[in-house]
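Right, one structure below, let's go through it.
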Amino acid sequence: MEKRAYDVHAKLNGEISIKIIPGHFATKHSHVSHCIDMTGVKSQLGAAKAAAKLLSDAFTSTPVDTIISLERMKMIGAFMADNLSHTGINLRHEIAVITPELSGDKILLRDNFLPYVKDKRVLLLTASATTGQTVQSGINGISYYGGTPVGAAAVFGGEFECAVPFVSLFGVGDVENYSSFAPVDCPLCKRGVKVDAVVNSYGYSKIV
């Protein structure tokens, strides 16, 4: 499977890249034609800092008290908080970065995390947001706990309606012939094409 992989570089900074693997993959919400491997941008210092700079540049005029980081994006979230606190409307403002528990798609905040969301302006950060379900669930969770969602950001994003400003470094248009389907509507399944791997925020597990 890995022999099919190729790299796509961000248009605004070639230091940032994601690995694309064509095939048939099952995610939490859908079946997709390509696995988007973001391990490098999540894990490597230089790539994470560069990604955080581009994402935070979109929110320099947005007041932010807290960044909620999902899908192993806390390093990028920390760099975003640092960037935002050094420029724009958040200059010298203390910004918290938290990673809540998840119950299914729903954010679960313990009492010790509540002060960072209740009555705070919260930016949601995730790795992938192709269908919009993760972002919408996060926005609902922020509102449920008394926070104000002010924006959302992702490394890889799809096209969907969003209640807050949404930015991503890569889009479905950057991956040739990318397609996503509800599992019951997946044409690959209907043709009997075997699923290559199950994909989540930690990576992929091949189905032998």
Side-chain angles (χ1 to χ4, degrees), residues 4-22 25 27 32-93 95 97 99 121-136 138-139 149-180 199 201 203-204:
R4 294 177 249 157
Y6 61 93
D7 291 333
V8 172
H9 296 266
K11 294 182 177 69
L12 296 178
N13 187 336
E15 185 181 354
I16 307 166
S17 67
I18 54 178
K19 194 173 292 295
I20 310 298
I21 308 173
F25 302 93
T27 74
V32 295
S33 59
H34 296 73
C35 172
I36 313 299
D37 184 358
M38 292 173 270
T39 306
V41 72
K42 290 182 183 182
S43 307
Q44 294 176 334
L45 180 67
K49 288 180 73 172
K53 176 66 168 61
L54 292 182
L55 292 174
S56 58
D57 281 350
F59 296 101
T60 54
S61 299
T62 302
V64 177
D65 300 307
T66 299
I67 296 173
I68 284 185
S69 164
L70 306 176
E71 299 185 336
R72 297 173 49 241
M73 290 283 286
K74 197 162 187 178
M75 179 158 67
I76 292 178
F79 285 132
M80 286 182 68
D82 185 60
N83 291 335
L84 289 170
S85 67
H86 281 85
T87 188
I89 200 168
N90 296 292
L91 183 64
R92 290 187 290 276
H93 182 57
I95 299 175
V97 181
T99 299
R121 297 159 295 191
V122 184
L123 176 65
L124 183 71
L125 174 65
T126 188
S128 178
T130 53
T131 66
Q133 291 185 53
T134 298
V135 169
Q136 187 57 54
I139 290 171
V150 295
V155 175
F156 185 78
E159 297 178 2
F160 53 85
E161 292 186 6
C162 190
V164 297
F166 171 73
V167 297
S168 63
L169 299 180
F170 299 88
V172 294
D174 295 315
V175 182
E176 188 175 1
N177 298 321
Y178 180 90
S179 56
S180 173
V199 181
S201 63
Y204 58 88

Would you call [X] and [Y] a side-chain contact if the rule is heavy atoms closer than 4.5 Å?
X: Thr62; Y: Pro165; result: no
X: Phe156; Y: Thr130; result: yes
X: Ser43; Y: Arg72; result: yes
X: Met73; Y: Lys42; result: yes

Please report the closest heavy-atom contact between [X] and [Y], naming both atoms and the distance.
X: His9; Y: Gly14; answer: ND1-O, 2.8 Å
X: Val167; Y: Ala58; answer: CG1-CB, 3.7 Å
X: Leu169; Y: Asp174; answer: O-OD2, 4.4 Å
X: Ile67; Y: Leu125; answer: CG2-CB, 4.0 Å
X: Val41; Y: Ala51; answer: CG2-CB, 3.7 Å
X: Phe79; Y: Leu45; answer: CZ-CD1, 3.4 Å

When you measure from the side chain of [X] to the backbone of [Y], do you find a donor-acceptor pair of N or O atoms at a distance under 3.5 Å?
X: Asn90; Y: Val64; value: yes
X: Thr60; Y: Gly88; value: no
X: Arg4; Y: Pro22; value: yes

Query raised in the report: Side chains of His93 and Asp65: donor-acceptor distance under 3.5 Å anywhere?
Result: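 Note: His93 and Asp65 side chains meet the donor-acceptor criterion.
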To the nearest 0.5 Å, how far apart are [atom1] in [X] and [atom2] in [Y]?
X: Ile95; Y: Leu84; atom1: CD1; atom2: CG; value: 4.5 Å
X: Asn83; Y: Lys53; atom1: CG; atom2: NZ; value: 6.5 Å
X: Phe59; Y: Arg121; atom1: CZ; atom2: CZ; value: 14.5 Å
X: Ile18; Y: Asp7; atom1: CD1; atom2: CG; value: 9.0 Å
X: Glu71; Y: Thr134; atom1: CD; atom2: OG1; value: 5.5 Å
X: Gln44; Y: Ser17; atom1: CD; atom2: OG; value: 7.5 Å

Query - Residue pairs involving residues 73-86 (criterion salt bridge (Lys or Arg N to Asp or Glu O under 4.0 Å); sequence neighbours excluded) - result: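 Applying salt bridge (Lys or Arg N to Asp or Glu O under 4.0 Å) to every pair that reaches into residues 73-86, excluding sequence neighbours, yields nothing.
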Query raised in the report: Quick check, are the ring centers of Phe170 and Tyr178 under 6.0 angstrom apart?
Result: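 Aromatic pair excluded; centres sit 6.0 Å or further apart.
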Requested in this report: Start with the C-alpha gap between Val135 and Cys162, add the side-chain angles, then the distance that decides, and say whether side-chain contact (heavy atoms from CB on, under 4.5 Å) holds.
Outcome: CA-CA 8 Å; Val135 169; Cys162 190; 3.7 Å; yes
Report task. For Glu159, look at atom CD and say whether over 12 heavy atoms of other residues, nucleotides or ligands are found less than 6.0 Å away. Result ->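 No, because the 6.0 Å sphere around CD of Glu159 holds 12 heavy atoms or fewer from other groups.
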Requested in this report: With Cys35 as reference, evaluate Ile21, Ile20, Thr27 under the side-chain contact (heavy atoms from CB on, under 4.5 Å) test and give the passing residue.
Outcome: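 With Cys35 as partner, Ile21, Ile20, Thr27 yield a single side-chain contact (heavy atoms from CB on, under 4.5 Å), made by Ile21.
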